[in-house]
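Report on the structure given below.
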Amino acid sequence: DQVQYVLLEVAYYFNLGLWAAFAYQHFSGEGITTKLLLSCIGTVALVYIVRHLSLNVLANTFSVTKEALQYSFTINLFNIINGLILLVFNFVIAFAPDAIGTSMIYLGIAVVAIQYIYRSIRGLLMAAGYLSIAQLHFLLYLCTCEILPFALGAGYINQMS
């Protein structure tokens, strides 16, 4: 019953990691190594596994089970759609001429950013009722699960180059 969602979520991890490796190759001029590819996929998977686990802990710790599960489901749906879009981008980047591949890398940045912003706005709307009650908890979640992964990823990529 839930197997197809898990498989499509894993496909998203793979496609976002592969796209990140292509983007790294484009911006650094280096080739894609197995270590780079596995670290990109592993980092993406780790970020989302920690995010889902933290939402599960949040749901079980506080009385926000419905909203946390709803947001987790929203993350899954957006990731599935984004994974299918990135699959097409990855094929084009891998097999098209460099100019088209470069365009797809930038288009991928735009699609992922727009998707992330839209998903975050939906999450804010889901949590709007609790925002006035528990501002500190909301700020902790926002910093830990939404901002920290980008900061760690940027630091990791910066360290690799």
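All residue numbers refer to positions in the sequence shown, counting from 1.
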Do the side chains of L38 and W19 join up, straight or via other hydrophobic residues, at under 4.5 Å, putting them in one cluster? no

Show, in sequence, the C-alpha distance, side-chain angles and deciding distance for Y24 and E30, and conclude whether the side-chain contact (heavy atoms from CB on, under 4.5 Å) test is met. CA-CA 8 Å; Y24 178 79; E30 299 174 14; 3.6 Å; yes

Same cluster or not: L77 versus L69, using hydrophobic residues (I, L, V, M, F, W, Y) connected whenever any side-chain heavy atoms lie under 4.5 Å apart? no

So do the side chains of I80 and Y5 get within less than 4.5 Å of each other, counting heavy atoms only? yes

Could you list the residues that satisfy side-chain contact (heavy atoms from CB on, under 4.5 Å) with I41, not counting sequence neighbours? F14, L37

Should I109 and L107 be regarded as members of a common hydrophobic cluster, given that ILVMFWY residues are connected when their side-chain heavy atoms come within less than 4.5 Å of each other, either directly or indirectly? yes

Report yes or no: do L87 and V44 belong to one cluster of Ile/Leu/Val/Met/Phe/Trp/Tyr joined by side chain heavy-atom distances under 4.5 Å? no

Could you tell me which residues satisfy side-chain contact (heavy atoms from CB on, under 4.5 Å) with N76, sequence neighbours excluded, listed by chain and number? E9, H52

Approximate separation, where rounding is to 0.5 Å, of I32 CD1 and F22 CZ: 4.5 Å

Can you confirm whether F89 sits close enough to V111 that some side-chain heavy atom of one is under 4.5 Å from a side-chain heavy atom of the other? yes

Determine, using the 4.5 Å side-chain heavy-atom cutoff (strictly less than), whether Y13 and I81 are members of one ILVMFWY cluster. yes

Looking only at heavy atoms, the pair that brings Y12 and N79 closest together is CD1-O, 3.1 Å

F78: hydrophobic cluster co-members (side-chain, 4.5 Å): Y118

Show me, pair by pair, the donor-acceptor contacts under 3.5 angstrom made by side chains of residues 91-104, not counting sequence neighbours?
{"unit_1": "T102", "atom_1": "OG1", "unit_2": "D98", "atom_2": "O", "d": "2.8"}
{"unit_1": "S103", "atom_1": "OG", "unit_2": "A99", "atom_2": "O", "d": "3.1"}

Should the pair R119 and Y116 be classed as cation-pi, given the thresholds of under 6.0 Å to the six-membered ring centre and 45° from the axis? no

Counting N and O atoms only, with roles assigned by atom type, does the side chain of S72 sit under 3.5 Å from a partner on the main chain of A68, one being a donor and the other an acceptor? no

To the nearest 0.5 Å, tell me how far S120 OG sits from Q115 CD. 8.5 Å

With ILVMFWY side chains joined below 4.5 Å, transitively, what does I121's cluster contain besides itself? I117, L125

Under the side-chain contact (heavy atoms from CB on, under 4.5 Å) test, which residues partner Q70, sequence neighbours left out? M126

Hey, are the side chains of I105 and F27 touching, using non-hydrogen atoms and a 4.5 Å cut-off? yes

N15 (side chain) donor-acceptor with L86 (main chain) under 3.5 angstrom: no

